[in-house]
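So the structure is just underneath, and the comments pick up after that.
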Number of protein chains: 2
Amino acid sequence: MRADARRNYDKLVGAAREVFAAEGGGASMEAVARKAGVGVGTLYRHFPRRIDLVQAVYEDDVEELVETADRAVAELEPWPAVVAFLEAFVRYARTKRTFLNELREAFDKDPALKLRLRERIDEATELVVGRAQRAGAVRPDVEGADLTQLLGPMCTSPTLTDEQSVRLLPMILDGLRTRGDVG
Amino acid sequence: MRADARRNYDKLVGAAREVFAAEGGGASMEAVARKAGVGVGTLYRHFPRRIDLVQAVYEDDVEELVETADRAVAELEPWPAVVAFLEAFVRYARTKRTFLNELREAFDKDPALKLRLRERIDEATELVVGRAQRAGAVRPDVEGADLTQLLGPMCTSPTLTDEQSVRLLPMILDGLRTRGDVG
DNA sequence: TTGAAAAACGGAGGCTACCTCCGTATAGTA
DNA sequence: TACTATACGGAGGTAGCCTCCGTTTTTCAA
């Protein structure tokens, strides 16, 4: 891939993320190209169908979430790493609401994609949570996948408000940590 | 409402049902008008937004389902009435798959609609199932709403095949009926 | 460093679907 | 029957999707 192509690819994914977040997954391709500062031709060469763009944004988001997990484990103590990761997960999941339909369509068309990315997220969660469990900071009777299963649907539900998510995550974190544990 | 307007309204809802079933909820308005044998102007006067048409089709389907329940109770013995109604429910729910996204959008915009129609369905189910329970044909430890809750998601799941739904409904019916009951 | 091939860019333009508008047709009514 | 309110239909304006191709940029061998 040529350097300028790579540059434009990244610009397009970034622009698509912003535009989809602001206008929903139905936003016009022209708007994405404009935001990225490239022509529509360039957009369509990289992403022939709208769904390819949605998918690229989503994969990019998942990758970032996984990196957040790695960074949290490398830089933070076990419990703060869990807090940081789950906050990132909530942010990640909530942005999906603006293009849930498009995402579902992408998953319908390619079920393997859904599975693969879900595994990737579950592994990252397990990395952070398992470490905290071994350190005695998190109760042992939960698994990483339980948490994403709990938070994912909560965050993508269209009726969840910003305030609710801000109130609920701390509550979930309190329930998650080993009892009597401090700070 | 003038007679010709009423006629065209009905033709449009019928055409929309067929076209949505065949091409999905994203089918073109022109295609619906053509199928109904009217001009697009007529379509848009009756249904200013696509969502209004989706909603009309859905309400019509629910109405038909409720009528099926009434007819089953009037014309059939308790158990056969349950069979007939649940088969109709499966048919009803499966047709929704082709325009689930549009339906969700309609519900997001008007949550009361969802509630109202759900209640209507639950009442119809209760009518048929309650009668069969009182007649001793159906086990007493289930409610009408449990059944729709079980069948609805099953039928609208995009991964359910025709064959599966044909195999599963009899199984569910077997589990539903009072043990030792015949015919 | 240079020049030519390969790769990528951009946006004009064709296509299709959405929706409005208004002249024409028709049902209902006295 | 004649009149009016109502409804019909589809031409045409608008907008978004996508393709195509002349132009620009990058790469790389000499």
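Below, read A as the first sequence line, B as the second, and so on, with proteins coming before strands; counting in each chain starts at 1.
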Legend entry - D4(B): which of R2(B), R6(B), R7(B) passes side chain to side chain donor-acceptor pair (under 3.5 Å): R2(B)
Legend entry - First and last nucleotide of DNA chain C, 5' to 3', lying under 4.0 Å from heavy atoms of chain B: dA17(C) to dG28(C)
Inset, instruction - With heavy atoms under 4.0 Å as the rule, sort A33(B) into base, sugar-phosphate or nothing. - result: nothing
Inset, instruction - Starting from P on dC8(D), measure out to OH on Y9(B) and report it in whole angstrom. - result: 13 Å
Legend entry - Nearest atoms (heavy-atom pairs only) where P170(B) meets S165(B): CD-O, 4.5 Å
Legend entry - Value in whole Å for how far the P atom of dG12(D) lies from OH of Y44(B): 18 Å
Legend entry - Sugar-phosphate, base or nothing in reach of R50(A), heavy atoms under 4.0 Å: sugar-phosphate
Legend entry - Distance in angstrom units between D10(B) CG and dA7(D) P, rounded: 14 Å
Inset, instruction - Between R7(B) and A27(B), just flag the one whose closest nucleotide in DNA chain C comes earlier from the 5' side. - result: A27(B)
Legend entry - G39(A) or E30(A), whichever maps to the more 5' nucleotide of DNA chain C: G39(A)
Inset, instruction - Round to a whole Å and report the spacing from CG of L53(A) to P of dC17(D). - result: 11 Å
Inset, instruction - Pick base, sugar-phosphate or nothing for T42(B), based on heavy-atom distances below 4.0 Å to the nucleic acid. - result: base
Legend entry - R45(B) vs dC8(D): side-chain N/O to OP1/OP2 distance below 4.0 Å: yes
Legend entry - Electrostatic pair R116(B)-E59(B), nearest N-O below 4.0 angstrom: yes
Inset, instruction - With DNA chain D as reference, determine whether G41(A) or S28(A) sits nearer its 5' end, using the nearest nucleotide of each. - result: S28(A)
Inset, instruction - Return the orientation label for the Y9(B) and H46(B) ring planes: parallel under 30°, perpendicular over 60°, tilted otherwise. - result: perpendicular
Inset, instruction - For residues L53(B) and R50(B), determine if any side-chain heavy atom of one lies less than 4.5 Å from a side-chain heavy atom of the other. - result: no
Legend entry - Whole-Å distance separating the CG atom of L43(A) from the P atom of dG16(D): 14 Å
Legend entry - dT27(D) base / R2(A) side chain donor-acceptor hit below 3.5 Å: no
Inset, instruction - Could you check if a side-chain atom of E87(B) sits within less than 4.5 angstrom of a side-chain atom of V83(B), using non-hydrogen atoms only? - result: yes
Inset, instruction - Measure the CG-CG distance between D122(B) and L127(B) for me, rounded to the nearest 0.5 Å. - result: 12.5 Å
